[in-house]
Amino acid sequence: MNNVELADVFERIASLLDIKGEVVYKTLAYRRVAENLRSLPSDVNIYWQENRLDEIPGVGKAISEKIDELLRTGNLGFLERLEQEVPPSLLEMLQVPDVGPRKVALFWKQAGVKTLAELEAAARNEKLRNLPGMGEKSEARIIAGIEALSRRSHRMLLGNAWIIADSLLIDLRKQPGVVRAEAAGSLRRWKSTIGDLDLVAGCANPLPVMEWFTHHPDCHRILASGENKSSIELNNGINVQLWIQPPERFGTLLQFVTGSKEHNVHLRELAQKQNLSLSEQAIVDASGKEFVFSHEEDVYKALGLPYIIPELREDRGEIQAAQENRLPNLLKLEDIRSDFHMHTTWSDAANSVKEMALAARELGYHTIAITDHTSGLGIAGGLTVEGLVEQRKDIDAVQKELGDSILILQGAEVEIKADGSLDYPDDVLSKMDIVVASLHTSLRQPRERITERLVNVIRNPHVDIIGHPSGRLLPNREGADLDYDVILKEARKAGIVLEINASYSRLDLDEVHARLASEMGILLAIDADAHTIDQLQLMAFGVSVARRAWVNPELIINTWNREKLLSWLASRR
DNA sequence: GCCGTTTTCGGCCCGACTGTTTTCAGTCG
């Protein structure tokens with residue numbers, strides 16, 4: 001079992017215990033471990049083999065024993081017994097908005113409801129309204145919530161979420177009295193996929209703004225409406241929340257709504273130790289005196305911390321690092337001076353070599369690599385070996401025309417075939433300026449096979465960059481089941497570059513593995529994988545992955561100047 | 001169930017909103 005599978009088990013235990021009515025702190029402990037396992041950069045099996053499970057945050061004696069049993073046998077007696085007691089089908093009902101563990105237990109024990117389908121039938125047959133604490137409105141809310149489930153799509157892509165949020169923000173900022181308005185939540189933290197949208201505004205008179213929000217033309221229904229907080233469902237099924245505080249309290253509000261929840265809990269614990277209480281409204285000291293903040297930076301300052309940028313706020317060590325004044329120096333978009341993965345009309349893209357070069361020069365880049373698909377990827381109209389010769393003439397002509405202002409490398413995104421061989425022979429690869437190799441097909445091979453397939457490519461001295469290593473497509477298609485401990489060790493040994501693909505449907509390497517790669521000193525490239533000139537600007541999304549992964553900017557080859565880059569390329573040839 | 005610059009036991013963040021209640025429980029972020 002891998003980290004994610006173990007995390008799923010503990011998440012399941014937490015939910016079942018919640019329904020059973022176990023004390024919340026116990027279920028919280030399981031949830032914390034699940035979260036920590038998901039962001040653990042190294043394979044949990046290694047901790048297990050080296051007898052260091054208790055070094056994982058939140059893992060104590062009881063959970064350590066459970067991990068051991070799961071990794072040894074693949075099963076867990078504790079969970080099996082729990083599922084005898086609490087039917088796992090009950091978990092379906094937790095997806096319904098406003099239905100939590102207490103309600104599920106109520107429906108199960110007092111109405112015999114065990115599945116989501118039975119819940120819907122019971123609600124429609126008016127069987128829930130007479131249960132304790134329930135009424136007609138609660139019953140109607142459950143029906144509406146179940147209907148919303150089918151409208152609600154999976155998580156949004158980061159790029160799409162920004163588009164929707166920006167358009168709402170433009171109107172929000174025009175509302176009377178709104179001094180400041182920002183996107184917060186996971187969007188402001190640049191998480192790879194987004195669930196709900198959170199907007200915050202500083203405004204002295206919130207009611208008219210809330211009125212505008214809940215009567216927005218795209219509003220499908222109102223989920224909650226209050227003075228400080230309202231929540232709506234848009235016609236496209238996306239939920240948006242708007243939080244408002246007076247402008248002088250905007251700092252604590254923005255801090256709070258940006259999250260993450262785990263970061264905020266940790267921060268509030270830290271405040272408590274200083275006899276302070278932190279909320280979205282203010283910091284209050286032991287005597288009840290209130291301190292308000294219009295700027296977020298001052299909230300951190302008041303707690304004795306340097307400013308922590310939103311991308312780091314996942315409770316993955318950033319608060320400790322801030323306390324010890326060792327927050328990482330992080331990559332900025334303006335540090336990016338080159339892009340090593342883009343397509344042109346020579347394969348499946350919209351713009352010519354010259355158009356791409358001009359657009360990249362406009363962005364301030366000193367070097368680009370043209371990396372069209374190879375013939376093996378049939379759907380992408382890949383280049384044959386003969387076609388490469390023609391393309392080289394085109395690149396040479398554009399280079400001559402544009403002179404020294406931008407360097408255009410001839411590369412290719414070489415297809416890694418199912419048997420692990422590459423689409424071009426070595427003698428062709430050796431004549432290229434730079435070579436990206438990527439997986440697109442047969443991604444479902446078993447772990448050992450696909451890991452070996454990629455290791456072979458990493459060891460090929462003609463390959464410089466592994467493009468989007470896992471092949472995942474957000475939000476739903478999982479990447480290859482790679483053994484990252486093997487892949488990263490081989491990458492370090494070979495001195496090869498791993499790509500953080502900046503297309504927001506990829507963001508691959510993901511942040512967890514990018515962080516580990518950086519800790520291991522592996523070189524990384526961030527590439528937009530542009531198929532149009534506009535898509536060169538997707539780079540910002542790749543930069544966000546590097547920031548969230550604490551990546552050391554010096555390891556990112558896009559930050560190097562041209563001389564350093566060329567001498568590195570020469571050393572590989 | 002975890003954890004310790006006030007603790008190996010007794011804590012474990014804080015507030016808004018809703019609906020069912022006449023003061024609060026449940027859910028959510």
Side-chain angles (χ1 to χ4, degrees), chain A residues 10 13-14 17-19 21-36 53-67 78 93-107 128-142 144-145 184-187 189 195-200 206 210 214 222-232 239-245 249 252-253 255-284 303 313 315 319 323:
Chain A
F10 289 120
I13 290 174
L17 287 177
D18 265 338
I19 295 170
E22 188 57 85
V23 290
V24 291
Y25 298 113
K26 191 178 279 194
T27 63
L28 186 67
Y30 282 109
R31 288 225 156 77
R32 277 194 168 155
V33 165
E35 196 52 45
N36 290 336
L53 283 174
D54 57 357
E55 288 178 21
I56 300 168
V59 174
K61 186 162 176 292
I63 293 182
S64 171
E65 281 168 3
K66 290 185 176 69
I67 295 177
F78 175 80
M93 288 190 262
L94 290 173
Q95 304 167 58
V96 181
D98 302 317
V99 174
R102 315 304 293 265
K103 292 265 177 64
V104 169
L106 176 76
F107 301 151
L128 300 179
R129 55 179 62 183
N130 293 323
L131 296 172
M134 292 288 295
E136 283 185 37
K137 281 188 176 175
S138 311
E139 198 174 64
R141 244 178 128 82
I142 285 175
S186 50
L187 186 56
R189 303 198 311 276
D196 301 340
L197 295 180
D198 291 285
L199 307 178
V200 297
M210 286 302 187
T214 52
I222 299 170
L223 303 171
S225 73
E227 193 177 339
N228 299 99
K229 178 185 158 186
S230 293
S231 183
I232 63 173
N239 288 355
V240 188
Q241 286 162 91
L242 174 62
W243 312 66
I244 302 181
Q245 288 285 332
R249 296 177 191 265
T252 38
L253 178 67
Q255 193 290 317
F256 168 72
V257 185
T258 298
S260 67
K261 185 174 176 169
E262 292 77 15
H263 174 88
N264 285 353
V265 167
H266 196 152
L267 208 60
R268 288 171 178 207
E269 285 169 357
L270 190 72
Q272 265 199 332
K273 284 181 189 152
Q274 303 173 39
N275 280 318
L276 300 170
S277 169
L278 168 66
S279 77
E280 62 264 48
Q281 301 190 355
I283 291 179
V284 180
L303 297 173
R313 299 182 199 168
D315 197 26
I319 292 179
Q323 285 177 296

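Within every chain, numbering begins at 1; the chains are lettered A, B, ... in the order of the sequence lines, protein sequences first and strands thereafter. Heavy-atom basis, side chains included; hydrogens, waters and symmetry copies ignored.
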Partner residues of Asn239(A) under the side-chain hydrogen bond (donor to acceptor under 3.5 Å, both in side chains) criterion, sequence neighbours left out | none
Residues in side-chain hydrogen bond (donor to acceptor under 3.5 Å, both in side chains) contact with Asn36(A), at least two apart in sequence or another chain =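 None.
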Whole-Å distance between [N] [atom2] and [X] [atom1]?
X         : N       : atom1 : atom2 : result
Lys26(A)  : dC2(B)  : NZ    : P     : 10 Å
Asn239(A) : dC28(B) : CG    : P     : 12 Å
Arg31(A)  : dT27(B) : CZ    : C1'   : 13 Å
Glu55(A)  : dC2(B)  : CD    : C1'   : 16 Å
Asn130(A) : dT20(B) : CG    : P     : 11 Å
Glu227(A) : dT18(B) : CD    : P     : 12 Å
Leu53(A)  : dC2(B)  : CG    : P     : 12 Å
Leu106(A) : dT20(B) : CG    : C1'   : 13 Å

[N] and [M]: how far apart are their [atom1] atoms, nearest whole angstrom?
N       : M       : atom1 : value
dT21(B) : dT27(B) : P     : 15 Å
dA16(B) : dT22(B) : P     : 23 Å
dT6(B)  : dG11(B) : C1'   : 13 Å
dT20(B) : dA25(B) : C1'   : 9 Å
dG15(B) : dG10(B) : C1'   : 25 Å
dC9(B)  : dC14(B) : P     : 26 Å
dT18(B) : dC12(B) : C1'   : 27 Å
dC13(B) : dT23(B) : P     : 29 Å

Report yes if a side-chain nitrogen or oxygen of Ser138(A) is closer than 4.0 Å to either non-bridging phosphate oxygen (OP1 or OP2) of dT18(B); otherwise report no.
->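 No, Ser138(A) has no side-chain N/O under 4.0 Å of OP1/OP2 on dT18(B).
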Check: [Y] and [X] side chains under 4.5 Å, non-hydrogen atoms:
X         : Y         : value
Asn228(A) : Gln245(A) : yes
Met134(A) : Ile142(A) : yes
Leu197(A) : Leu187(A) : yes
Val200(A) : Ile244(A) : no
Asp18(A)  : Arg31(A)  : yes
Leu267(A) : Leu278(A) : yes

Which part of the nucleic acid does Ser225(A) contact within heavy-atom distance under 4.0 Å: base, sugar-phosphate only, or nothing?
-> sugar-phosphate
When all nucleic acid strands are considered with a 4.0 Å heavy-atom cut-off, which category describes Glu136(A): base, sugar-phosphate, or nothing?
-> sugar-phosphate
Pairs involving residues 275-284 of chain A, ordered by first then second residue, that meet side chain to side chain donor-acceptor pair (under 3.5 Å) (sequence neighbours left out) | none
If dC9(B) has a Watson-Crick or G-U wobble mate with both distances under 3.5 Å, name it; if not, just say none.
-> dG4(B)
Charged tip of Lys66(A) within 45° of Phe78(A) ring normal and under 6.0 Å | yes
Would you tabulate the pairs of protein nitrogen or oxygen atoms and nucleotide nitrogen or oxygen atoms of nucleotides 21-26 of chain B closer than 3.5 angstrom?
none

Given that Lys137(A) and Val99(A) both sit by DNA chain B, which one's nearest nucleotide is further toward the 5' end?
-> Lys137(A)
Of Ile63(A) and Val104(A), the one whose closest nucleotide on DNA chain B sits nearer the 5' end is Ile63(A)
Once base and sugar-phosphate atoms are separated, protein heavy atoms under 4.0 Å mark nucleotides 3-15 of chain B, 5' to 3', with B, S and - as S--------BBBS
side-chain contact (heavy atoms from CB on, under 4.5 Å) involving Glu139(A) - partner list, sequence neighbours excluded |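 With sequence neighbours excluded, Glu139(A) shows a side-chain contact (heavy atoms from CB on, under 4.5 Å) to Ala123(A), Glu126(A), Leu128(A), Arg129(A), given in chain and number order.
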